[in-house]
Amino acid sequence: MAGRSNCFYCREDLSGKKFVRKDEKQVCVRCFDKFCTNTCTECRRPISTDSKELHHKGRYWHSDCFRCAKCYKNLAKESFTSKDDRILCGTCSSREDAPRCHGCYKPILAGTENVEYKGNSWHDECFICYQCQKPIGSKSFITKNNNIYCGPCHEKKFAKQCACCKKPITTGGVNYQDQPWHSECFVCSSCRKPLAGTRFTSHEEKVYCVDCYKSTVAKKCSGCQNPITGFGKATNVVNYEGGSWHDYCFNCKKCSLNLAEKRFVAHNGDIYCSDCSKKL
């Protein structure tokens, strides 16, 4: 029985003295600190008997050394998780596991407003228009060259500009002389009636509906006095000494023979075929 009261290493009598039991052996404090202490995982120093020791999965720490590997918060009395041999507090663990924002590359913590698009995630405030840098929020957006644009910025930067009002053309539109127009902007220069899908003509870089061209622009036929529009049957025109005729109105005054592609004789403002001119 007497042997049980001696230190296993130095054989000092332990009667009435502090000792530590190690692997069923009694060890004095001095020998314990010299031969038996665990090494702190953090500071690599021995954990003496006068220090509080913490252990987790075969590793040991001084109480003051048991800290979060990222924020260094002491976890001796806190909950923690172990990841890749690191000890992490709850907050840092959440940050480690959280998806990264595609805008600021910081973690998107649980419960945070965020946007997911094509496999990437953003903080709500980081999901912004590439052009104006304002958050998209709940508004619609368009992607172009891997960049995100709000509707107004996409229209301003990429949409065709109307040749009339210079504003973006977002849908539909009319092309005339290699220029784009809003359908509502492509109108008759006289009556302002929309011309999209209708027959029209141009004069001195202005466009007119058929009715306005006939009434305000077209020359009058010297034969029938009706406008020469160039539409339909009246596609060919004969011009002679300041006068204009529909080709089918350019007829002999006497016999009504059509002279559009024949020789004729003018007399007192009228035209005659060769035969009738000999009888004048």
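- Taking the centre of each ring, H56 and F80 come in below the 6.0 Å mark.
- Every residue two or more places apart in sequence or in another chain that forms a side chain to side chain contact (heavy atoms under 4.5 Å, CB included) with I148 is listed here: W122, F127, I136, F141, T143.
- More than 12 heavy atoms of other residues, nucleotides or ligands shown are found within 6.0 angstrom of NZ on K25.
- Scanning for side chain to side chain donor-acceptor pair (under 3.5 Å) contacts around D124 gives an empty result, with sequence neighbours left out.
- Atom NE2 of residue H182 and atom NZ of residue K160 lie 12.0 Å apart, to the nearest 0.5 angstrom.
- Among residues at least two apart or in separate chains, side-chain hydrogen bond (donor to acceptor under 3.5 Å, both in side chains) pairs with a member in residues 73-89 are T81-S93, K83-D97, R86-E96.
- With sequence neighbours excluded, the residues satisfying side chain to side chain contact (heavy atoms under 4.5 Å, CB included) with P107 are R95, A98, R100, L109.
- Under a cut-off of 6.0 angstrom, the local environment of CD in Q133 is crowded, with over 12 non-hydrogen atoms contributed by other residues, nucleotides or ligands.
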What donor-acceptor contacts under 3.5 angstrom involve side-chain atoms of residues 253-280, with partners at least two apart or in another chain?
| from | atom 1 | to | atom 2 | distance (Å) |
| --- | --- | --- | --- | --- |
| N258 | OD1 | A260 | N | 3.2 |
| N258 | ND2 | D247 | O | 2.8 |
| N258 | ND2 | N251 | OD1 | 2.9 |
| S277 | OG | C273 | O | 3.3 |
| S277 | OG | S274 | O | 2.7 |

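- Every side chain to side chain contact (heavy atoms under 4.5 Å, CB included) that C104 has, sequence neighbours left out, goes to C101, K106, H123, C126.
- Sequence neighbours left out, the pairs with a member in residues 14-53 that pass ring-ring contact (aromatic ring centres under 6.0 Å, His included) are Y9-F35.
- For K134, the side chain to side chain contact (heavy atoms under 4.5 Å, CB included) criterion is met by C132, not counting sequence neighbours.
- Every residue was checked against the side chain to side chain donor-acceptor pair (under 3.5 Å) condition with N114, not counting sequence neighbours, and none meets it.
- In this view, N239 and S244 satisfy the side chain to side chain donor-acceptor pair (under 3.5 Å) rule, not counting sequence neighbours.
- By the 4.5 Å heavy-atom criterion applied to side chains, S222 and Y240 are not counted as neighbours.
- A donor-acceptor pair under 3.5 Å links the side-chain atoms of H62 to the main chain of P46, judged by distance alone.
- Applying the side-chain hydrogen bond (donor to acceptor under 3.5 Å, both in side chains) test to pairs two or more places apart or on separate chains, those with a residue in residues 38-47 are N38-E53.
- Smallest separation of non-hydrogen atoms from C212 and Y208: CB-CD2, 4.4 Å.
- Looking at residues two or more places apart in sequence or on another chain, you find a salt bridge (Lys or Arg N to Asp or Glu O under 4.0 Å) between K17 and E12.
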